[in-house]
Amino acid sequence: MSTDQLKKEISAIKGTHDILPGEVRLWQIAESRAREIFELYGYRELRAPVIEPTELFEKGTGASSDIVTKEMYTFTDKGGRSITLRPEYTPSVVRAIIEHRLDLQPQPLRYYYIGPMFRYDRPQKGRYRQFHQIDIEVFGEKDPAVDAEIVEMAHRLLARLGVERVMTLVNSVGCKKCRPAYGQELRKAALAVKDRLCPDCQRKAEVNPLRIFDCKNEACREAASGFPLITDFLCPECREHFQKFREYLDLYRLEYRVEPTLVRGLDYYTRTAFEIVAEHLGAQSAICGGGRYDDMVKEFGGPDLCGIGFAMGVERLLSVARIQIPETSFVYFAYLGQEAKKECLRLARALRSEGIESLVEFKDRRMKDHFSRANKLGAEWVLIVGEDELRKGKFQLKDMVNSRQFEGSVLELAAIIKGKKILETT
Ligand code: HAM
C-alpha cells in the first residue's frame with residue numbers, strides 16, 4: 001500500500017488528535033504543575049480505567065444529560081457486557097470509593113486525575129471526541145469552605161499556567177428538598193412557551209426543564225430569559241451554604257459573578273455549581289466546570305458521603321495558557337574513526353549518569369560534517385574525540401552558543417555543563 005493510499009484509508013478518527021513531540025512539552029508542563037499544586041492541598045492521584053460499565057454513567061452522569069442520551073461511546077464486549085469509554089471521571093471515582101471502601105479512610109478524601117475522556121459530539125474548535133481532563137474530587141466535607149478552596153486551587157493552577165482574562169460563574173442548584181418545587185414552576189413556564197422552543201428543548205420541557213438553560217439556540221435562550229430562577233427557590237440550608245461559599249470566595253479575594261441560569265450539563269449537582277470561562281474563547285469558553293454532588297455516593301448504594309469537584313479541559317486550557325518552554329540542552333559527540341566512536345559511546349553513558357542529555361550518532365562523518373549536523377540539531381555542546389583526545393584521555397568541549405572551548409576529563413566537562421545549567425536556571 002502506498003503512503004498516499006494509507007493516508008486516505010487510515011487517518012486519526014474525527015475529533016481525535018495526535019499530540020506530537022513539539023507540543024507535548026506543553027502538556028507535560030501543564031500536567032506537572034497541576035500535580036504539584038494539587039499535592040500542596042493534600043490531593044493524591046487515583047487512576048481508574050478508561051472503560052467502565054455503561055450503567056455507571058447512566059446512573060451517575062444522569063439519564064437526561066446530553067452526555068448519556070447522545071454522546072457516549074458504548075459497545076458490547078465479547079462477553080456481552082455493555083461497556084462505555086468514560087465521558088467524564090466523577091462517576092468512576094465514586095465507583096472506586098465504594099468498591100475499595102475508601103470511605104473508611106480519614107475524611108475528607110481528596111483525589112486528582114489527568115487523562116482522556118470521550119464524547120461523541122460534533123467536533124469543532126475546543127470540542128473534541130477524545131479530549132483530556134484534569135480532574136479533582138473531594139469527599140466527606142460539607143463545609144462550604146471546601147467549595148471555595150477548590151475554586152481558589154483552580155485559580156492557582158490557571159495563574160501558574162499564565163491563563164488570564166477568566167471569569168468565575170457561580171450558582172446554587174439547590175437540593176432534593178428545594179429543587180422539586182422549582183422544577184414544577186420551571187416546567188409550567190417552559191410548557192407555556194413550548195412552541196417557541198427547539199424540538200430538543202420541547203422534549204426537555206417534559207423530562208428535565210433545567211436542561212433548557214444549556215441550549216445554545218438563540219430562540220430558546222430568549223424564551224428561557226423569562227423563566228423562574230432557582231436562586232428564588234432555595235431552602236434555608238441551601239441559601240446559607242451559597243451565602244457562605246461566596247463569603248469564602250471573598251476571603252480569597254476571588255472575583256466571581258452569580259449566574260442563576262448556570263445549571264451545568266450533568267444531572268448530579270446539588271447546591272454549588274461553577275464554571276471558569278475564558279470569554280474570549282467564544283462558544284467553547286468553559287475551561288473548568290464543577291460543583292457539589294452530595295447524593296451520588298449514596299445513590300450508588302454507598303455510604304452517605306457528600307462530594308464536590310471540578311474538571312478542566314486540557315485542550316482548552318492550553319489554548320489560553322502562556323507557558324515558557326525551557327530550552328533543551330544536549331551534547332553532540334563529534335568523533336573520527338571506530339576507536340573514537342567506541343570512546344564516545346562510553347563517554348555518553350557517563351554523561352547520562354550525570355543527568356546530561358547526550359547524542360551519539362552512529363554514522364561516520366568528517367569533523368566539518370559533524371559540526372553542521374550538531375548545528376542543525378540545535379546542540380548546545382559538542383564533545384570532540386579525535387586521535388589526540390583518545391591518547392590523552394582529555395576531550396574538547398565546545399560551547400556552541402558562546403563559542404567557547406574547554407578541555408578536560410569527562411567528569412570535569414560534566415561539571416562545566418552542569419555549572420552552566422545551574423547558572424542559567426538561577
Ligand atoms: P464538564 O463541564 O462536562 O464537567 O467538563 C469539564 C470541562 O471539560 C469543560 O469545562 C471543558 O473544558 C472540558 N470539555 C468537556 N467536553 C469537552 C470536549 N468535547 N472537548 C474538549 N473539552 C471538553 C465534567 O466533566 C464533570 N465531571 C466535572 C466535575 C468534576 N464535577 C464535579 N467533579
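In each ligand, atom 1 is the first atom listed, and ligand 1 is the first ligand listed.
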Q. Between Y268 and ligand 1, does any nitrogen or oxygen pair lie at a separation below 3.5 Å?
A. yes

(Q) Considering non-hydrogen atoms of the protein only, which is the closest contact for atom 7 (C) of ligand 1, and what is the distance? (A) A311 O, 3.6 Å

Q. Among protein heavy atoms, which sits nearest to atom 28 (C) of ligand 1, and what does the distance come to when rounded to 0.1 Å?
A. G289 O, 3.4 Å

Q) Can you tell me if G265 has a non-hydrogen atom under 4.0 Å from ligand 1? A) no

Q. Is any side-chain heavy atom of R221 less than 4.5 Å from a side-chain heavy atom of C215?
A. no

(Q) Would you say that F213 contacts F227 through its side chain, given a criterion of any heavy-atom pair below 4.5 Å between the two side chains? (A) yes

**Q.** Under 4.0 Å to a heavy atom of Y269 - the qualifying atoms of ligand 1, by number
**A.** 26 (C), 28 (C), 29 (C), 31 (N), 32 (C)

Q) Which atoms of ligand 1 have any heavy atom of A286 under 4.0 Å away? A) 9 (C), 10 (O), 11 (C), 12 (O)

(Q) Under the criterion ring-ring contact (aromatic ring centres under 6.0 Å, His included), I'd like the reasoning laid out for F333 against H370: C-alpha separation, chi angles, the key distance, then a yes or no. (A) CA-CA 8 Å; F333 285 77; H370 269 307; over 10 Å; no

Q.
Please list, in number order, the atoms of ligand 1 under 4.0 Å from a heavy atom of G290.
A. 31 (N)

Q | Heavy atom of the protein closest to atom 14 (N) of ligand 1 (residue, atom name, distance) | A | F131 CE1, 3.5 Å

Q | Atom indices of ligand 1, in the order listed, that fall short of 4.0 Å to a heavy atom of G313 | A | 7 (C), 8 (O), 12 (O), 13 (C)

Q: Around atom 32 (C) of ligand 1, find the nearest protein heavy atom and jot down its residue, atom name and distance.
A: G309 O, 3.3 Å

Q: Give a yes/no on ligand 1: does R264 have at least one heavy atom closer than 4.0 angstrom to it?
A: yes

Q.
If only side-chain N and O atoms count, and only distance matters, is there a donor-acceptor pair under 3.5 Å linking D267 with S65?
A. no

(Q) At less than 4.0 angstrom from any non-hydrogen atom of E137, what atoms of ligand 1 do you find? (A) 30 (C), 32 (C), 33 (N)

Q: Starting from atom 20 (N) of ligand 1, find the nearest protein heavy-atom neighbour and note its residue, name and distance.
A: Y128 N, 2.9 Å

Q | Heavy atom of R119, distance to ligand 1 below 4.0 Å | A | yes

Q: For residues V382 and L397, determine if any side-chain heavy atom of one lies less than 4.5 Å from a side-chain heavy atom of the other.
A: no

Q: Step through it carefully: locate the ring centre of Y73, locate the ring centre of Y120, and say whether they are under 6.0 Å apart.
A: yes

Q. What do you reckon, does E315 have a nitrogen or oxygen under 3.5 Å from a nitrogen or oxygen of ligand 1?
A. no

Q: Show which atoms of ligand 1 fall inside a sub-4.0 Å distance from at least one heavy-atom site of G126.
A: 20 (N), 21 (C), 22 (N)

(Q) Quick check on I287 - does any of its heavy atoms sit under 4.0 Å from an atom of ligand 1? (A) yes

(Q) Please list the nearest protein heavy atom to atom 8 (O) of ligand 1 with its residue and the distance rounded to 0.1 Å. (A) Q133 NE2, 3.2 Å

